[in-house]
Amino acid sequence: MNTISIVNKRKLTPDLARGFMLLFIALAHANQFIFSTEREITFTDQLTVFIRQVVIDGRAFPLFAILFGYGLHQLLKGQERKGNSWKNTKKIFKRRGAWMLVIGFIHATLFFADIIGVYGFIALLFASLFLRLSNRNIIIIAVFFSYLGGSVCSVHA
């Protein structure tokens, strides 16, 4: 008997990007362990900080934010394909956001800095609000906040 099975294939690119993000997160915290107030800051220390600022702060954090939004969108589309209601999908967003807050709290107590909790907070408050907007409305909101952010930054410069 010849059976054809339908397998949901995962896209490799987002998974690879997530793997690199985990590496970059580890590298972002690595400098906390190389500096000491009891010794002179060396050229190697300065080079490490420069590379971290260019590669991690300048590239990895924005990519992490994009992957976070992509993951929320994929979750929404997966729930829609399964025929789950919007009410149940919002519960999933809230549960994941709450767990991210818990993980973020633990992370912040260990490293005195956190981004996971911020994303959990965003998932709790805004995911159910923004995910069902049209592309046009999302662009309008993005332009508004970009203008607002630019205005605030120019005032403080």
Side-chain angles (χ1 to χ4, degrees), residues 8 10-80 82 84-133 138 141-142 144-157:
N8 289 337
R10 289 181 64 96
K11 294 181 180 177
L12 182 60
T13 306
D15 287 337
L16 286 172
R18 284 185 195 98
F20 278 110
M21 289 304 95
L22 291 173
L23 172 65
F24 289 150
I25 289 169
L27 291 173
H29 295 292
N31 70 322
Q32 294 177 2
F33 302 104
I34 62 172
F35 293 118
S36 170
T37 57
E38 299 172 6
R39 68 178 178 88
E40 185 178 325
I41 296 175
T42 66
F43 174 74
T44 306
D45 294 335
Q46 292 174 343
L47 183 63
T48 303
V49 169
F50 173 76
I51 291 171
R52 178 184 166 241
Q53 288 175 336
V54 171
V55 174
I56 307 228
D57 297 344
R59 302 289 186 270
F61 290 147
L63 182 57
F64 192 78
I66 291 168
L67 285 171
F68 175 71
Y70 176 79
L72 290 176
H73 183 262
Q74 288 300 102
L75 176 65
L76 173 67
K77 293 302 173 191
Q79 293 300 310
E80 287 176 349
K82 291 177 185 176
N84 287 344
S85 70
W86 175 240
K87 184 178 178 181
N88 289 337
T89 303
K90 283 196 304 189
K91 285 180 186 177
I92 293 170
F93 286 135
K94 290 182 187 217
R95 185 176 62 238
R96 286 188 176 199
W99 274 111
M100 288 177 76
L101 276 174
V102 169
I103 292 167
F105 176 77
I106 294 167
H107 187 254
T109 59
L110 295 173
F111 295 110
F112 307 110
D114 176 59
I115 193 68
I116 299 168
V118 174
Y119 285 112
F121 185 71
I122 290 168
L124 280 172
L125 291 182
F126 299 114
S128 61
L129 196 73
F130 289 118
L131 279 172
R132 297 186 66 186
L133 291 176
I138 290 173
I141 291 169
F144 171 75
F145 281 109
S146 295
Y147 176 77
L148 183 66
S151 298
V152 169
C153 289
S154 66
V155 169
H156 291 290

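Quick caveat: nothing in here was measured; it's all calculated off a predicted structure. Below, all heavy atoms of this structure are taken into account, side chains as well, without hydrogens, waters or symmetry copies.
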- Item | Residues that Arg95 engages under salt bridge (charged side-chain N to carboxylate O under 4.0 Å, His left out), provided they are two or more places apart |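 Salt bridge (charged side-chain N to carboxylate O under 4.0 Å, His left out) list for Arg95, sorted by chain: empty.
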- Lys91 meets the salt bridge (charged side-chain N to carboxylate O under 4.0 Å, His left out) criterion, sequence neighbours left out, with none
[atom1]/[X] to [atom2]/[Y] distance, rounded to the nearest 0.5 angstrom?
X: Leu131; Y: Leu75; atom1: CG; atom2: CG; answer: 8.5 Å
X: Phe64; Y: Ile116; atom1: CZ; atom2: CD1; answer: 6.0 Å
X: Leu124; Y: Tyr119; atom1: CG; atom2: OH; answer: 15.0 Å

Any heavy-atom pair between the side chains of [Y] and [X] that's under 4.5 Å?
X: Leu67; Y: Arg18; value: yes
X: Leu63; Y: Phe24; value: no
X: Leu133; Y: Ile141; value: yes
X: Phe68; Y: Met100; value: yes
X: Trp86; Y: Leu76; value: yes

- Task: Count the heavy atoms belonging to other residues, nucleotides or ligands that lie under 6.0 Å from CZ of Phe105, then report whether that count exceeds 12.
- Result: no
- Can you see which heavy atom on Gly97 is nearest to which on Ala123, and at what distance? CA-CB, 3.9 Å
- Heavy atoms only: give me the nearest Leu72-Ala127 pair and the separation to one decimal.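 Shortest heavy-atom contact: CD1-CB, 4.1 Å.
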